[in-house]
Amino acid sequence: MRKAIITGITGQDGSYLAELLLTKGYEVHGIIRRASTFNTKRIDHLYKDPHIVDGSARLFLHYGDMGATGSLSDVIYDTKPDEIYHLAAQSHVRVSFDMPEYTADVTGLGTTRMLEAVRRLGKGTRFYQASTSELFGSATPPQSEKTPFHPQSPYAAAKLYAYWMVENYRDGYDMYTVNGILFNHESPRRGETFVTRKITRALAAIIAGKQEKLFLGNLDAKRDWGYAPEFVEAMHMLLQQDQPDDYVIGTGESHSVRDFLDESFGYADMDWTKYVEIDPRYFRPTEVDYLLADPSKAKEKIGWSPKVKFHELVRIMVDADLELMGLPHPGEGKQIIKERFEGWHRWEDQVKTMDK
């Protein structure tokens, strides 16, 4: 049985990745931060109480923090994993301007702490680093593995440091380390403060009569938006190759925040202009205007390509938030998932693990 560690397992990507690895027969160890409240809602449906000794538990959680070297090293040395998926970070771009030092420590140095522990373990553990399209910043689209980086936020700068550390450990110590440069990827499990989920949650709340206005920032920012469960499949595929390498993962389509509003409110036969107002507080000091992936290398080398496109992604997310609000919906989101995914990815699990 292969063992994997997932940092950031309680997040959107971590929860989907845990599902995927468990269906593939892995023993999965997740690193979570200690909190006085439960923060595991996205993986509660996967977890079994370790006090129930029946041999069926394959998901284990460990306390750790990206800012505390000892806690990370202990988990790595104790579990001796075959693979590590490093997803944990302070990942909100706008927040990184307000907390640049914390972002640099957790998002940048946190990766170094993980890499150094893996190096000292000496087991040949394969290491996946969750890089980001924010590395490209103001670079001219489309962006590929050969596009020069030009980060435009403390978050992107911290991720760039982590990117080059992954490269250095690969070249200097002959370690299997990979950067997955993932473009934006969304789902019903997306955090509520990210713009896509903020829109679909607000739409459902407006229809339910629980909200009147939606406040947003730059509506003209363009992003390459994909579906998160497909992106975690790419993460796994990147660690199964003969040789480690870095890959851009995206859909090859780009749409603006305005387009997302058109698609989501239009799906509900509503005019978003009646409900959306601009709040300057949501603008970034330096904006990233246009991100568009060139994922041709991933398609050619590892055989990965997206199944869910933009308008389908929006329908999946709107349907989920309408259902969470107890409202009827067209149900196209369920049908899309049913047609394109098998076994490990179930709509019901998405709905059950979200707060109502």
Working for side chain to side chain contact (heavy atoms under 4.5 Å, CB included), residues L203 and W272: CA-CA 9 Å; L203 171 59; W272 64 264; over 6 Å; no
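- Taking 4.5 Å as the limit, every side-chain heavy atom of Q90 sits out of range of all side-chain heavy atoms of M99.
- Checked by atom type and distance alone, the side chain of R119 never pairs as donor or acceptor with a backbone atom of Y169 at under 3.5 Å.
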CA sep, side-chain torsions, deciding dist, call: E263, R315, salt bridge (charged side-chain N to carboxylate O under 4.0 Å, His left out): CA-CA 8 Å; E263 193 73 33; R315 282 160 171 71; 2.6 Å; yes
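- The shortest side-chain heavy-atom distance between L291 and W225 does not fall under the 4.5 Å cut-off.
- Side chain to side chain, E83 and Q240 meet the donor-acceptor criterion of an N or O pair below 3.5 Å.
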Candidate pair H29 and E27, rule side chain to side chain contact (heavy atoms under 4.5 Å, CB included), full reasoning: CA-CA 7 Å; H29 295 262; E27 179 179 298; 2.7 Å; yes
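- Atom NZ of K123 has more than 12 neighbouring heavy atoms from other residues, nucleotides or ligands inside a 6.0 Å radius.
- No donor-acceptor distance shorter than 3.5 angstrom exists from the side chain of T111 to the backbone of A162, with no hydrogens or angles considered.
- Distance alone, capped at 3.5 Å, is enough to place a donor-acceptor pair between the R94 side chain and the F283 backbone.
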Intermediate values then yes/no, salt bridge (charged side-chain N to carboxylate O under 4.0 Å, His left out), E134 and R284: CA-CA 13 Å; E134 291 287 331; R284 304 174 185 177; 3.5 Å; yes
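- Ring orientation note: the planes of F127 and H86 are tilted relative to one another, at an angle of 30° to 60°.
- In this structure, D98 places its CG atom where more than 12 heavy-atom neighbours from other residues, nucleotides or ligands lie under 6.0 Å away.
- Looking at K159, its side chain never comes within 3.5 Å of a backbone N or O of S91 through a donor-acceptor pair.
- A cation-pi contact, defined as under 6.0 Å to the ring centre and within 45° of the axis, is absent between R170 and Y176.
- Taking the six-membered ring for Trp and thresholds of 30 and 60 degrees, F231 and H185 have nearly parallel ring planes, at less than 30 degrees apart.
- Proximity of a side-chain donor or acceptor of T10 to a complementary backbone N or O of T40 within less than 3.5 Å is not detected.
- Heavy-atom minimum distance, P188 versus M317: N-CG, 4.2 Å.
- The CD1 atom of I9 sits 9.5 Å away from the OG1 atom of T7 when rounded to the nearest 0.5 Å.
- Under a hydrophobic clustering in which Ile, Leu, Val, Met, Phe, Trp and Tyr are joined whenever their side-chain heavy atoms come within less than 4.5 Å, directly or via other members, L17 and I43 fall into the same cluster.
- Side-chain polar atoms of Y26 and R2 form a donor-acceptor pair below 3.5 angstrom.
- Residues V276 and K213 form no side-chain contact, since every pair of their non-hydrogen atoms from C-beta on lies 4.5 Å or further apart.
- Not one N or O on the side chain of D105 forms a donor-acceptor pair closer than 3.5 Å with the backbone of E101.
- Inter-residue side-chain proximity for R126 and D82 is flagged as unmet; no heavy-atom pair is nearer than 4.5 Å.
- A donor atom on one side chain and an acceptor atom on the other are not found under 3.5 Å apart for D13 and Y85.
- Ring-plane geometry between F310 and H255 is classed as parallel, the angle between the planes falling under 30 degrees on a 0 to 90 degree scale with a further cut at 60.
- No donor-acceptor pair closer than 3.5 Å links the side chain of S73 to the backbone N or O of G70.
- Panel note: side chain T286, backbone Q152; a donor-acceptor pair is recorded below 3.5 Å.
- L61 has its side chain within reach of Y47: a pair of non-hydrogen atoms, C-beta onward, lies under 4.5 Å apart.
- A donor-acceptor contact closer than 3.5 angstrom links the side chains of H150 and S138.
- Smallest separation of non-hydrogen atoms from P148 and F136: O-CD2, 4.1 Å.
- For the residue pair Y275/Q211, the side-chain donor-acceptor check at 3.5 Å is not satisfied.
- Of all the heavy atoms in V232 and P229, the pair that sits closest is CG2-O, 3.1 Å.
- In the model, D74 has no side-chain atom that pairs as donor or acceptor with a side-chain atom of S71 under 3.5 Å.
- If you look at Y282 and F215, their ring centroids are not closer than 6.0 Å.
- Hydrophobic clustering (side-chain heavy atoms under 4.5 Å, transitive across Ile, Leu, Val, Met, Phe, Trp, Tyr) keeps M175 apart from W164.
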Side chain to side chain contact (heavy atoms under 4.5 Å, CB included) assessment of L292 paired with F183: CA-CA 8 Å; L292 171 63; F183 280 63; 5.5 Å; no
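- Two residues are said to be in side-chain contact when any heavy atoms from C-beta on lie closer than 4.5 Å; L87 and Y128 meet this criterion.
- Remark: R190 is positioned above the aromatic ring of F194, its terminal NZ or CZ atom under 6.0 angstrom from the ring centre and at most 45 degrees off the axis.
- Salt bridge status for E192 with K41: present, with a side-chain N to carboxylate O gap under 4.0 Å.
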Worked verdict on L322 versus I207 for side chain to side chain contact (heavy atoms under 4.5 Å, CB included): CA-CA 9 Å; L322 288 174; I207 294 173; 3.8 Å; yes
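- Considering only heavy atoms from C-beta on, T79 comes within 4.5 Å of H62 through its side chain.
- Shown here for P81 and T125, the closest heavy-atom pair between the two residues is O-OG1, 2.6 Å.
- V28 and L21 make their closest contact through CG2-CB, 3.8 Å (heavy atoms, listed as atom of the first residue, atom of the second, distance).
- By the neighbour-count criterion of 12 heavy atoms within 6.0 Å, atom CD of E212 is sparsely surrounded, having that number or fewer from other residues, nucleotides or ligands.
- Here the side chain of N179 pairs a donor or acceptor atom with the backbone of Y163 at under 3.5 angstrom.
- The cluster map of Ile, Leu, Val, Met, Phe, Trp and Tyr, joined by side-chain heavy atoms under 4.5 Å apart, puts V178 and L182 in the same cluster.
- Here the CD1 atom belonging to I249 is positioned 9.0 Å from the CE atom belonging to M235, to the nearest 0.5 angstrom.
- Rounding to the nearest 0.5 Å gives a distance of 10.5 Å between OH of Y290 and OG of S256.
- Cluster annotation: V195 and I206 are assigned to the same hydrophobic cluster (Ile/Leu/Val/Met/Phe/Trp/Tyr, side-chain heavy-atom contacts under 4.5 Å, transitive).
- For the pair T112/Y161, a side-chain contact is recorded, criterion being any heavy-atom separation below 4.5 Å from C-beta on.
- V318 and I316 end up in the same hydrophobic cluster when Ile, Leu, Val, Met, Phe, Trp and Tyr side chains are linked at under 4.5 Å.
- Side-chain atoms of K80 come within 3.5 Å of backbone atoms of Y77 as a donor-acceptor pair (strictly under, hydrogens ignored).
- Between the OG1 atom of T177 and the CG atom of D246 there is a distance of 7.5 Å, given to the nearest 0.5 Å.
- With respect to S15, the side chain to side chain donor-acceptor pair (under 3.5 Å) criterion is satisfied by exactly one of H45, R42, R189: R189.
- When all heavy atoms are compared, the tightest approach of D294 to P142 is CB-CB, 4.3 Å.
- Looking only at atom types and distance, the side chain of D224 has a donor-acceptor partner in the side chain of T251 under 3.5 Å away.
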Step-by-step salt bridge (charged side-chain N to carboxylate O under 4.0 Å, His left out) determination, D259 to K222: CA-CA 9 Å; D259 293 336; K222 300 183 71 174; 6.0 Å; no
